[in-house]
Amino acid sequence: MDPTSELYNAILKGDRDLARGLVQQAVARNDNALELLNRGMIPPMHELGDLYADKKVLLPDLLVGARAMRAGLDIIEPLLAKHNHRKGVKVCIGTVKGDRHDLGKSIVAMIARAAGYDVDDLGTDCDADAFARAVESGSRAVLCSLMVSTCLPHLK
């Protein structure tokens, strides 16, 4: 079986240990980290999102898949950051006030770093002042993430 297919299935099933192990094996083989992310890690999360939207899985299933993906992300993120050594435009990214979800934010931050952006990751539960301080310190773009619709007023 293709290693990215195995990783895809591990994340889809929420098997954190298997996902971590498969990513470690891929790194040891010098597999392309960006391809691993794009083919083996992001697609199963899209599938889980679709299954959740169709009410075929529950929120805990989605969260377990996200934790399995996070186990792999923690391993490949430094590799993706090393891929592009030049520092580009500074951007900030954070999850808006009232929301503590960070998987999507972390993926975007990692991809932006790999593309050469200088990313200021503000974390989660960020108020407007946190984003304003980042802009004052040189961020040229503000990237906001949120999953909880009750946080929409904070996005404004």
Side-chain angles (χ1 to χ4, degrees), residues 1-126 139 141-152 155:
M1 182 181 266
D2 173 23
T4 55
S5 296
E6 288 182 85
L7 180 57
Y8 183 107
N9 289 328
I11 291 171
L12 195 60
K13 293 176 184 173
D15 190 332
R16 186 186 326 190
D17 293 334
L18 180 58
R20 181 183 300 114
L22 289 168
V23 171
Q24 287 170 334
Q25 290 171 16
V27 168
R29 285 190 308 267
N30 290 320
D31 288 0
N32 183 302
L34 190 56
E35 184 176 320
L36 194 63
L37 175 69
N38 288 331
R39 290 187 53 222
M41 300 173 81
I42 293 174
M45 290 307 301
H46 282 289
E47 184 173 341
L48 280 170
D50 291 343
L51 290 169
Y52 177 72
D54 292 340
K55 297 181 174 37
K56 294 180 180 172
V57 299
L58 300 173
L59 183 59
D61 299 309
L62 192 60
L63 295 175
V64 169
R67 287 187 184 134
M69 182 183 184
R70 169 67 72 189
L73 285 177
D74 290 343
I75 297 166
I76 66 169
E77 184 170 13
L79 300 174
L80 291 171
K82 266 197 264 184
H83 175 71
N84 196 331
H85 297 288
R86 68 178 171 79
K87 288 294 181 184
V89 173
K90 184 174 182 181
V91 301
C92 67
I93 186 168
T95 303
V96 300
K97 181 122 181 100
D99 195 339
R100 298 194 187 283
H101 296 92
D102 73 341
L103 183 64
K105 174 196 66 71
S106 297
I107 293 168
V108 171
M110 181 177 29
I111 291 170
R113 282 187 188 103
Y117 289 92
D118 180 6
V119 178
D120 183 5
D121 188 336
L122 305 176
T124 62
D125 198 27
C126 299
S139 288
V142 176
L143 309 174
C144 301
S145 174
L146 76 131
M147 292 284 298
V148 182
S149 60
T150 57
C151 299
L152 280 171
L155 187 58

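To the nearest 0.5 Å, the span separating OG1 on Thr4 from CG on Asp31 amounts to 9.0 Å. Taken to the nearest 0.5 Å, the CG atom of Leu22 stands 15.0 Å off from the OH atom of Tyr8. Taken to the nearest 0.5 Å, the CD1 atom of Ile11 stands 11.5 Å off from the CD atom of Glu47. Taking NZ of Lys97 as the start and SG of Cys144 as the end, the distance is 14.0 Å to the nearest 0.5 Å. The CG atom of Leu146 sits 12.0 Å away from atom CG of Asp125, with the distance rounded to the nearest 0.5 Å.
Every residue two or more places apart in sequence or in another chain that forms a side-chain hydrogen bond (donor to acceptor under 3.5 Å, both in side chains) with Arg20 is listed here: Asp17.
For Gly40 against Pro44, the heavy-atom pair with the smallest separation is O-CG, 3.5 Å. When all heavy atoms of Leu122 and Gly94 are compared, the pair lying nearest together is CB-CA, 4.2 Å. When all heavy atoms of Leu48 and Gly65 are compared, the pair lying nearest together is CD1-CA, 3.8 Å. Listed here is the closest heavy atom pair of Ile42 and Asn38: CD1-OD1, 3.9 Å. Across all their heavy atoms, Ala68 and Ala10 have their closest contact at CB-O, 4.3 Å.
Here the side chains of Leu7 and Met41 are in contact, with some heavy-atom distance below 4.5 Å. Annotation: side chain of Asp118 is not in contact with side chain of Asp120 (no heavy-atom distance under 4.5 Å). Using a 4.5 Å cut-off on side-chain heavy atoms (C-beta onward), Val27 and Ile76 make contact. At a threshold of 4.5 Å between non-hydrogen side-chain atoms, the residues Met45 and Leu62 count as touching. For the pair Ser106 and Arg70, the minimum side-chain heavy-atom distance is below 4.5 Å.
The residue from Val89, Val108, Leu143, Val91 that alone fulfils the side-chain contact (heavy atoms from CB on, under 4.5 Å) condition with Val119 is Val91. Lys105 pairs with exactly one of Thr95, Asp121, Asp99 by the side-chain hydrogen bond (donor to acceptor under 3.5 Å, both in side chains) rule, that one being Asp121.
In the displayed structure, Lys13 atom NZ is contacted under 6.0 Å by at most 12 heavy atoms of other residues, nucleotides or ligands.
Using a cutoff of 4.0 Å between basic side-chain nitrogens and carboxylate oxygens, Asp61 and Lys56 are not scored as salt-bridged.
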Would you check, one step at a time, whether the test side-chain contact (heavy atoms from CB on, under 4.5 Å) holds for Met69 with Leu73? CA-CA 6 Å; Met69 182 183 184; Leu73 285 177; 4.2 Å; yes
